[in-house]
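Down below is the structure, laid out as structure tokens.
The chain is numbered in sequence order, starting from 1. Every heavy atom of this structure was used, including side-chain atoms; hydrogens, water molecules and symmetry mates were not. Small disclaimer: the values here were computed from a predicted structure and weren't measured.
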Amino acid sequence: MAIVLGEPGVDGLGEAVGVLREWQYEGAPMQLHPGDLGWFWRSGAEATAAAVRTWSRDGRILAVGLLDGPGLLRLTIAPAAHRDGELAEQLVADVTDPERGVLPEGKANIEAPMGAPLQGLLSENGWNTDEPWTPLRRDLTEPVKDPGVRIEVAGPERAHLRAAVQRASFDGSRFTDEHWHAMAAGLPYADARCLLAYDDQGNAVAAVTVWSAGPGRPGLLEPMGVHREHRRLGYGKAITVAAAAALQELGSSSALVCTPSSNAGAVATYKAAGFRQRPEVRDLYRPA
């Protein structure tokens, strides 16, 4: 059967999220997680559907991609199809031809599981390795200690605080209350939580969103941030420990996060919170 490139539409997002849940397992390479779609959902269901691509054979999804910004495709492949040469060749053909509606002309980046044949085929077609990223993992089979600061779950009544900390943590962020409500209405948020950390004066100083892929599967932190006026005081470690505890309560087997290797402070924070560094991963990019 031929491999078919498709756009799921809003009605098909549930199937895409469902297969992404199924594809998460301990020992898997760092890959697209249902939480990545969940975080993108802050732009709304229609925008999320427009950014998702699927590759299917005989009605069965073999790969899912998320166009996570101009010229960036975040792609993962079903475990059973990881070494599927026909799929790899089809993926390369689709991502390198702008007329197929995946990536535009010019500079582009692809995030794909390390070791997949796709990586080698793209290299043969002139794609280069980009800057390294560091994945980190915390096992959740043992109890998680108290983070040592006040932590609250940010529901609708605290959406404004969650949004404010996000904007104060990331330069250029435009995250608003409306974005939070759109994200919380998305399918992946059924297994997610937003957490806020507070200082002794009652100020919200750090935030994180955690995404479960279901019991017994790895969960994801995306994103985590500390208010720029409250950094280097241990709040990053505290909110990260709280995130691990929240994922444990949701039944996750481990907690995952990935950050640019150049962000030494973030890597150190995650390690201080009990995460272990895994081998670096790299996107591939096509020069302009």
Practice task
List, by chain and then residue number, the residues other than Val4 in its hydrophobic cluster (Ile/Leu/Val/Met/Phe/Trp/Tyr, side-chain heavy atoms under 4.5 Å); write none if there are no others.
Solution key: none

Problem - Set of residues satisfying side-chain contact (heavy atoms from CB on, under 4.5 Å) with respect to Pro215, sequence neighbours excluded - result: none

Practice task
Taking the side chain as every heavy atom from C-beta outward, state whether Tyr189 and Leu187 have any pair of such atoms under 4.5 Å apart.
Solution key: no

Practice task
Taking side-chain contact (heavy atoms from CB on, under 4.5 Å) as the test, write out the residues that go with Glu131, two or more places apart.
Solution key: none

Handout entry: Residue from Arg138, Gln248, Glu26, Arg217 passing side-chain hydrogen bond (donor to acceptor under 3.5 Å, both in side chains) with Ser254
Key = Glu26

Handout entry: Arg282 side-chain N/O to Asp130 backbone N/O, donor-acceptor pair under 3.5 Å
Key = yes

Practice task
Name all residues meeting the ring-ring contact (aromatic ring centres under 6.0 Å, His included) criterion together with His82; count only those two or more places apart in sequence or in a different chain, and write none if there are none.
Solution key: none

Handout entry: OG1-NE2 distance between Thr76 and His33, expressed to the nearest 0.5 angstrom
Key = 11.0 Å

Exercise for the section: State whether the number of non-hydrogen atoms from other residues, nucleotides or ligands found under 6.0 Å of Glu157 atom CD is greater than 12. Expected result: yes

Fill in the blank from the handout: Contacts of Arg83 meeting side-chain contact (heavy atoms from CB on, under 4.5 Å) (sequence neighbours excluded), chain-then-number -> Pro117

Handout entry: Exercise: identify the closest heavy-atom pair between Pro218 and Ala213
Key = O-CB, 3.7 Å

Handout entry: Cluster check Val144, Val210: I/L/V/M/F/W/Y, side chain < 4.5 angstrom
Key = yes

Practice task
Report yes or no: do Val153 and Leu247 belong to one cluster of Ile/Leu/Val/Met/Phe/Trp/Tyr joined by side chain heavy-atom distances under 4.5 Å?
Solution key: yes

Practice task
Nearest 0.5 Å please: distance from the OG1 atom of Thr240 over to the CE atom of Met224.
Solution key: 3.5 Å

Completion exercise
Gln31 and Pro113 have their tightest heavy-atom pair at CB-CG, 4.5 Å

Practice task
Decide if the gap between the ring center of Phe175 and the ring center of Trp39 is smaller than 6.0 angstrom.
Solution key: yes

Exercise for the section: Kindly give the cluster partners of Phe170, where membership spreads through any ILVMFWY side chain lying under 4.5 Å from a current member. Expected result: none

Practice task
Determine, for Arg57 against Glu86, whether the closest basic-nitrogen to carboxylate-oxygen distance falls under 4.0 angstrom.
Solution key: yes

Exercise for the section: Could I get the full list of side-chain contact (heavy atoms from CB on, under 4.5 Å) partners for Gln201, not counting sequence neighbours? Expected result: Asp199, Asn203

Handout entry: Heavy-atom closest contact (Arg286 atom, Pro104 atom, distance)
Key = NH2-O, 2.7 Å

Exercise for the section: Please check if the side chain of His179 supplies one atom and the backbone of Arg174 the other of a donor-acceptor pair under 3.5 Å. Expected result: yes

Handout entry: Other residues, nucleotides, ligands: >12 heavy atoms within 6.0 Å of Lys107 NZ
Key = yes

Problem - ILVMFWY clustering at 4.5 Å (side-chain atoms), partners of Leu91 - result: Ile3, Leu5, Trp55, Leu62, Leu67, Leu73, Leu75, Ile77, Leu87, Val92, Val95, Val102, Leu103, Ile110, Leu118, Leu121, Leu122, Trp127, Leu284

Handout entry: Distance-only side-chain donor-acceptor flag, Thr134 / Ser261, under 3.5 Å
Key = yes

Exercise for the section: Would you mind reporting whether Trp133 and Glu280 have side-chain heavy atoms less than 4.5 Å apart? Expected result: no

Exercise for the section: Determine whether Leu13 and Val52 make a side-chain contact, defined as any pair of heavy atoms from C-beta on separated by less than 4.5 Å. Expected result: yes

Handout entry: Non-hydrogen atoms of Pro8 and Ala49 that approach each other most closely
Key = CD-O, 4.2 Å

Completion exercise
Rounded to the nearest 0.5 Å, the CZ atom of Arg278 sits from the CE atom of Met114 at a distance of 12.0 Å

Handout entry: Heavy-atom closest pair, residues Ala16 and Val19
Key = O-CG2, 3.2 Å

Handout entry: Side-chain heavy atoms of Met183 within contact of Pro188, under 4.5 Å
Key = no

Fill in the blank from the handout: For Trp23, the ring-ring contact (aromatic ring centres under 6.0 Å, His included) test, sequence neighbours excluded, returns none

Fill in the blank from the handout: Besides Leu72, the hydrophobic cluster formed by Ile, Leu, Val, Met, Phe, Trp and Tyr side chains linked at under 4.5 Å, directly or via other members, contains none

Practice task
Verify the cluster assignment for Val241 and Tyr270: are they in a single hydrophobic cluster under the rule of side-chain heavy atoms below 4.5 Å apart?
Solution key: yes

Fill in the blank from the handout: Output for pair (Cys194 SG, Leu161 CG), nearest 0.5 Å, gives 11.5 Å

Practice task
Say whether Val208 and Trp180 are linked into one hydrophobic cluster, either directly or through other cluster members, by side-chain heavy-atom distances under 4.5 angstrom.
Solution key: no

Practice task
Report the distance from atom CG of Leu221 to atom CG of Leu256, rounding to the nearest 0.5 Å.
Solution key: 8.5 Å

Problem - Non-hydrogen atoms of Trp211 and Gly38 that approach each other most closely - result: CH2-C, 3.3 Å

Exercise for the section: Could you tell me whether Asp94 and Arg100 have a side-chain N and a carboxylate O separated by less than 4.0 Å? Expected result: yes

Exercise for the section: For side-chain contact (heavy atoms from CB on, under 4.5 Å), just list the numbers for Val267 and Thr259, CA-CA rounded to whole Å, side-chain angles, deciding distance to a tenth of an Å, and then say yes or no. Expected result: CA-CA 7 Å; Val267 174; Thr259 189; 3.6 Å; yes

Exercise for the section: Could you tell me whether the side chain of Arg42 and the main chain of Glu178 form a donor-acceptor pair under 3.5 Å? Expected result: no

Problem - CZ/Arg228: more than 12 non-hydrogen atoms of other groups inside 6.0 Å - result: yes

Problem - Any Met30 side-chain heavy atom under 4.5 Å of Leu220 side chain - result: yes

Handout entry: Rounded distance (nearest 0.5 Å) linking atom CD of Glu105 with atom CG of Asp97
Key = 9.5 Å

Exercise for the section: Would you indicate whether the side-chain heavy atoms of Leu32 and Leu20 approach each other to under 4.5 Å? Expected result: yes

Practice task
Output yes when Asp283 and Arg74 qualify as a salt bridge under the 4.0 Å nitrogen-oxygen rule, no when they do not.
Solution key: no

Practice task
Report yes or no: does Arg231 contribute a side-chain atom to a donor-acceptor pair with the main-chain N or O of Ser169 at less than 3.5 Å?
Solution key: yes

Practice task
Could you state whether Val64 and Leu66 fall into the same hydrophobic cluster, counting links through intermediate Ile, Leu, Val, Met, Phe, Trp or Tyr residues with side-chain heavy atoms under 4.5 angstrom apart?
Solution key: yes

Exercise for the section: Check the pair Asp139 / Arg276 against salt bridge (Lys or Arg N to Asp or Glu O under 4.0 Å), numbers first and verdict last. Expected result: CA-CA 9 Å; Asp139 181 82; Arg276 293 183 178 272; over 6 Å; no

Completion exercise
Contacts of Trp41 meeting ring-ring contact (aromatic ring centres under 6.0 Å, His included) (sequence neighbours excluded), chain-then-number -> none

Exercise for the section: Could you walk me through whether Arg150 and Glu152 pass the side-chain contact (heavy atoms from CB on, under 4.5 Å) test, one step at a time? Expected result: CA-CA 7 Å; Arg150 177 178 146 218; Glu152 290 185 347; 2.9 Å; yes

Exercise for the section: Find out whether Val149 and Tyr235 are in side-chain contact, i.e. whether some heavy atom of one side chain is under 4.5 Å from a heavy atom of the other. Expected result: yes

Practice task
List in chain and number order the residues that pass salt bridge (Lys or Arg N to Asp or Glu O under 4.0 Å) with Glu249, two or more places apart in sequence or in another chain; answer none if no residue qualifies.
Solution key: Arg193

Handout entry: Carboxylate-amine/guanidinium proximity below 4.0 Å for Asp177 and Arg162
Key = no

